[in-house]
Structures are given as C-alpha cells and as structure tokens.
Amino acid sequence: MAGSNYVLTAPEVITIRGEDARRLIGCGSGDAALLYIYILNAGGRYDRLDAAEKTGRTPEQMDRAMEVLANLGLVISKEKPKGPAPEPADEMPKYSTEDVVAEEKENPDFKPFIMAVQEIYGKFLNTEDTKLLYGIHSYLGLPYEVILQLVSYCKEECGRRGRNVTMRYVEKAAFSWEREGIFSLDAAEKYIMNANRRRSAQSEAARAMGIRDRELSATEKRYIDSWLDLGFAADAVAIAYDRTVTNTGKLS
C-alpha cells in the first residue's frame, strides 16, 4: 500500500555492500540480482545447474546473468581461460507459439508491450516477430521498457539510412545492448545519447573532409572514429585532411 512501511523477516542475515547493491539496482537485471543473492547464500560458490533450479531460471539465463555480474565487477573467475573465448552467436533460441501463448496468459504486461512495439514499428507483428520479442525479454533479459527504447532507436537508425527497420536488425541490436549491459532505461538513454553525439561528430568530421550527401564508407568511418577516439575535433581533422590531400593527392 502506498505510504506504508514494510520490514523484512530476519532470522538469518546476508550482507551486501551498498555500492554492490547500487550496481545491481542500476543494471536493471532481475536475473543478475537473483543470481547474486544465490551466490551470497552459497558462501561465494556458484553451481550453474543448481542456481538455475533454485532460482527457477534456465541454465542459459544463469549464463547471461553471470555475464552481467562479471561486467559489473561483482564476480571474478578464479579459473584461467584456456584460450580465446568464442564469439557469442547472435541467434535467439527457437521458441514455439505455445511459449508466447503461455506468456500472454501468465504476464498481463506482455500483450500491451507487443501492441506498443507495433505502434513504434508501424505495422502488425506476425508470430515470428512476437517470438523474437519474447526471446529478447526472456533470453537476453531486456525489460519491456528497454526493448521499446531499442525498437525506437533501431527505427530511427534505419530511417537515417533511408531503409525500413527489420526485426532482424532489432535482434542484432538487442544482442549488442545485452553485451553492453543495457538493462535499464537510464542505461538505454545514455547509450542513445552517446551514439547521437558520436554520429554528430562523425558528420562534422566528414564535412571537414568534403564528404557530403552520401554515407561514409566503412574505411572512412574507421578513420574518423580512430581520430575521434584520440580526441581530435572536426577542425583538426580538416587541417589534417587538407595537408594530406595537398601533399599526397589522396586520403592516406
């Protein structure tokens, strides 16, 4: 009830540092918070299958939650890697129509969420689209409100290129956001703001190089991004471009 005070039952006490609690709250991942409590309760030990069973999650969800905890610096592996970690496959598990129907029955927020995505997306979503959105939420762990931000961002990105947004594009972006640890509205807004700043800086640098009315090539974008990462502004890029072309006759 609003305005009421609640107390926790406390026959047993497990402590957590304030900074760690703030990191968990800020990441917006319920699975990560649940796994962290499991590890605390187990005295710092982690058993993947046992954690999945006791938290009511899948082993794959525990893997994702562990990645979030690792990115937050809340867990440290004692095992030395035996080789380079394989790149994660940006592919969703195969969900059935029954999975989606069950989610609609059990989660009253799911259907309004799908309707909101359709409004942003600009057209009716088919069964496969709905399965994909279900996977982004259940498999990758992105909250509904974050997925809405993701779809809106993807539509704007495709619109700038004169293309229609596709659910495959949304899926790839969702994996990227999951790897970046974007599980809250605040994190999503910061990501989008930084992306817009980088795009604006790229445009300024491109104009300084005399590039207008066309998309940057992959090589040009790589050049510009490397200069921006070094801290050079558009005016410095203009000087370098002018000297390079004057001396060599080409961008080098």
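Computation of the quantities below employed the complete heavy-atom set of this structure, encompassing side-chain atoms and omitting hydrogens, waters and symmetry-equivalent molecules.
Residues Leu150 and Val170 have side chains in contact (heavy-atom distance under 4.5 Å, counting atoms from C-beta outward). Using a 4.5 Å heavy-atom threshold, the side chains of Pro59 and Leu49 count as touching. Residues Tyr46 and Leu35 are in side-chain contact: their nearest non-hydrogen atoms beyond the backbone lie under 4.5 Å apart. Between Glu156 and Val165, every side-chain heavy-atom pair lies at or beyond the 4.5 Å cut-off. When side chains are defined from C-beta on, Thr166 counts as touching Tyr169, because their heavy atoms get closer than 4.5 Å. Residues Arg57 and Leu34 form a side-chain contact, since some pair of their non-hydrogen atoms from C-beta on lies under 4.5 Å apart.
The distance from the OG1 atom of Thr130 to the CD1 atom of Ile114 is 5.0 Å, given to the nearest 0.5 Å. Atom-to-atom distance recorded for Ser29:OG and Leu72:CG is 8.5 Å, nearest 0.5 angstrom. Note: Tyr38 OH to Asp31 CG = 14.5 Å, rounded to the nearest 0.5 Å. Rounding to the nearest 0.5 Å gives a distance of 9.0 Å between CG of Asn71 and CD of Glu180. To the nearest 0.5 Å, atoms CG (Leu142) and CD (Gln149) are separated by 11.5 Å. If you take CE on Met167 and CG on Asp129, they are separated by 5.0 Å, rounding to the nearest 0.5 Å.
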Met66 and Met62: side chain to side chain contact (heavy atoms under 4.5 Å, CB included), yes or no, with the steps? CA-CA 6 Å; Met66 180 58 74; Met62 290 294 92; over 6 Å; no
Could you go through Tyr134 and Phe113, starting from their C-alpha distance and side-chain angles, then the distance that decides it, and tell me whether this counts as side chain to side chain contact (heavy atoms under 4.5 Å, CB included)? CA-CA 10 Å; Tyr134 168 73; Phe113 158 69; over 6 Å; no
Show your reasoning for whether side chain to side chain contact (heavy atoms under 4.5 Å, CB included) applies to Thr97 and Lys131. CA-CA 7 Å; Thr97 303; Lys131 289 178 185 177; 3.7 Å; yes
Intermediate values then yes/no, side chain to side chain contact (heavy atoms under 4.5 Å, CB included), Glu178 and Phe183: CA-CA 7 Å; Glu178 185 270 339; Phe183 295 104; 4.0 Å; yes
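Of all non-hydrogen atoms in Arg161 and Glu157, the two that sit nearest each other are NH1-O, 3.1 Å. For the pair Leu24 and Tyr36, the tightest heavy-atom approach, listed with the atom from each and the gap, is CD1-CD2, 3.5 Å. Counting all heavy atoms, side chain and backbone alike, Val75 lies closest to Ile39 at CG1-CD1, 4.2 Å. Pairing each heavy atom of Thr58 with each of Ala52, the nearest pair is C-CB, 3.8 Å. Across every non-hydrogen atom of Asp63 and Arg48, the tightest pair is OD1-NE, 2.7 Å. Of all heavy-atom pairs between Asn196 and Arg160, the closest is OD1-NH2, 3.8 Å.
Residues Leu74 and Leu40 share a hydrophobic cluster, clusters being chains of Ile/Leu/Val/Met/Phe/Trp/Tyr side chains in contact below 4.5 Å.
In this structure, Arg64 does not pair ionically with Glu60, as no charged nitrogen and carboxylate oxygen lie closer than 4.0 Å.
Taking the six-membered ring where the residue is Trp, Tyr144 and Phe110 present tilted rings, their angle falling between 30° and 60°.
Between the Asp99 side chain and the Tyr95 main chain, no donor and acceptor come within less than 3.5 Å of each other.
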